[in-house]
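Report on the following structure.
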Amino acid sequence: MKFLKRDLKMLKFATGAFFLFYNKEENFDKLMEEYLIKDFFKTKQVNDSILRPLGAGLSVLYPLIVGVLVHNMYVAQIGILGAFSYLAFQRRSIVYNIKATSIHSVCLIVGFLLGSFVAHFMFLLPFAISIISFLGFMVIKIFKIPKPGHFFVVMLFATATSIHLSLSQVPSVILYLGVGTLSGLLNAVLISFIEKLPWKSEINNDNKLSLKDKYYVLLYEQPKILLDGITFTFVLFVAGYIAYLLRMILVTGYLLVVLQF
C-alpha cells in the first residue's frame, strides 16, 4: 500500500507536469521547483534519540584522549577502528547491548588479525575476503542481526591488509584495538542506562530455535538467500583479485624502474 500511494503520487505529478509543459513553460518550471523543494525538506520521524550518535562520538573521543595522554597517536588511529564496536548498539535491553557489542568487538579484532596475516600472503586476499563476507552474510541473515552487520568486520580486514605488521607489532596493535572496543562497550552500557532500557528483553520465539531450524526457516522465507550471498561474495572476490593484480603490477613497475638505474 505504501508503494502504491507513492506511485500514484508520482503519476499525478507526471501527468500535471506533462499538461503544464505543453500549456505554459513557466508554470512547468514553477511546479518543478515547488515539488523539488518540498521533497528536499521532507522529514521522516524515526524511533531514535540523539543519545545514540552521542555515544558514537564519545566512543571515538576516548581513544583520542588516551592517545594524547600517552603521547602516542597510533593508539588513537587504531583505537578509532575498534570504536566501531559501539555501532552494534540497539534500543532493546542492556544485556543485549553488552552481548552484541562484545561479540562485535571480538569479530573486529579477529578480522583485523586475519587481515594482518593475509597482508604477508596477498594471493590469499580474494579467497579470504570472499569466505569472510559469505560467512558474515549468512550469519547476520540466520540470526537476524541488524545493521551494520558484518560490514565493519570486512572493512577492518581490508584495512589490515594494507598495513604490514611484523609479529612483534601484533600484540601492541591488538591492545590499541582493545582500547577502542572497550570504549564502545562502555558507551553502549552508559547510553543503555541513560535511555532507561530494560535489563533483559522478552525472549523472541526465533531465539528458541536451533541453528539448523533457523537456517531452514531462513530458506523458507528467503529461497534466494544463498544465491544472493554467492553473488555478493563473487563481487568481492573479483574486487579482491583486481586489487591483488593492481598491486602486483605496481610492484613490478617499480622494480623495472629501479632496475633501469
Side-chain angles (χ1 to χ4, degrees), residues 46-67 69-70 74-116 129 132-160 163 170-209 211 214:
V46 295
N47 185 23
D48 209 340
S49 66
I50 195 174
L51 293 175
R52 185 173 180 179
L54 178 63
L58 291 175
S59 300
V60 174
L61 180 62
Y62 295 163
L64 288 174
I65 294 176
V66 173
L69 292 178
V70 300
Y74 201 57
V75 177
Q77 294 174 4
I78 302 298
I80 289 174
L81 297 177
F84 288 132
S85 61
Y86 171 81
L87 298 179
F89 174 89
Q90 296 292 324
R91 298 185 67 187
R92 295 187 180 181
S93 67
I94 298 175
V95 172
Y96 174 86
N97 287 327
I98 293 175
K99 289 181 179 180
T101 310
S102 301
I103 294 173
H104 198 200
S105 301
V106 173
C107 292
L108 290 175
I109 294 175
V110 172
F112 193 88
L113 282 174
L114 290 175
S116 302
I129 197 170
I132 292 174
S133 63
F134 181 76
L135 291 177
F137 179 82
M138 293 304 299
V139 167
I140 64 172
K141 293 298 181 181
I142 292 174
F143 292 97
K144 298 181 179 180
I145 300 174
K147 293 180 179 180
H150 66 301
F151 173 80
F152 288 102
V153 178
V154 177
M155 191 192 77
L156 257 69
F157 170 82
T159 302
I163 305 175
V170 172
S172 59
V173 171
I174 296 303
L175 179 62
Y176 302 156
L177 271 176
V179 172
T181 56
L182 182 61
S183 172
L185 177 61
L186 290 176
N187 283 288
V189 176
L190 175 63
I191 300 300
S192 297
F193 277 108
I194 295 177
E195 288 273 4
K196 297 181 179 179
L197 297 179
W199 177 251
K200 283 186 178 182
S201 57
E202 296 181 0
I203 299 177
N204 194 351
N205 292 330
D206 293 337
N207 295 333
K208 299 178 181 179
L209 300 176
L211 177 60
K214 289 180 180 179

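When reading the values below, keep in mind they use all heavy atoms of this one structure, side chains included, and skip hydrogens, waters and symmetry mates. Along the sequence shown, the residues carry numbers beginning at 1.
Without hydrogens or angle criteria, N97 side chain to R92 main chain gives no donor-acceptor distance under 3.5 Å.
The heavy-atom pair separating V75 from G67 by the smallest distance is CB-CA, 4.1 Å. Pairing each heavy atom of Y86 with each of A56, the nearest pair is CE2-N, 3.2 Å. The nearest pair of heavy atoms linking N187 to L58 is OD1-CB, 3.2 Å. Between A160 and S116 the shortest heavy-atom distance is CB-N, 3.5 Å. Nearest heavy-atom pair across S85 and S105 is CB-OG, 3.1 Å. Here the closest non-hydrogen pair linking Y62 and S183 is CD1-OG, 3.2 Å.
How far NE2 of H150 is from CG of L108: 12.5 Å, rounded to the nearest 0.5 Å. To the nearest 0.5 Å, atom CG of residue L51 and atom CZ of residue F89 are 8.0 Å apart. One distance of note links CG of L64 with OG of S59; it measures 11.5 Å at 0.5 Å rounding. In this structure, CD1 on I103 lies 12.0 Å from CD1 on I98, to the nearest 0.5 angstrom. Here the CG atom belonging to L182 is positioned 11.5 Å from the OG1 atom belonging to T101, to the nearest 0.5 angstrom. Here I94 contributes atom CD1 and L190 contributes atom CG; the two are 10.5 Å apart, rounded to the nearest 0.5 Å.
Residues satisfying the ring pair (Phe, Tyr, Trp, His ring centres under 6.0 Å) criterion with F112, sequence neighbours excluded, are absent altogether. For Y74, the ring pair (Phe, Tyr, Trp, His ring centres under 6.0 Å) partners two or more places apart in sequence, or in a different chain, are Y176. The ring pair (Phe, Tyr, Trp, His ring centres under 6.0 Å) search around F152 returns F84, not counting sequence neighbours. For F157, there are no ring pair (Phe, Tyr, Trp, His ring centres under 6.0 Å) partners at least two apart in sequence or on another chain. In this structure, S133 has no side chain to side chain donor-acceptor pair (under 3.5 Å) partners at least two apart in sequence or on a different chain. Remark: P198 pairs with S93 by the side chain to side chain contact (heavy atoms under 4.5 Å, CB included) rule, at least two apart or across chains.
Side-chain contact between Q90 and R52 is present, with heavy atoms from C-beta onward closer than 4.5 Å. Side-chain contact check for V66 versus L69: every heavy-atom pair is 4.5 Å or farther apart.
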Which is it for V173 and I163 under the side chain to side chain contact (heavy atoms under 4.5 Å, CB included) test, yes or no, and what are the steps along the way? CA-CA 11 Å; V173 171; I163 305 175; over 6 Å; no

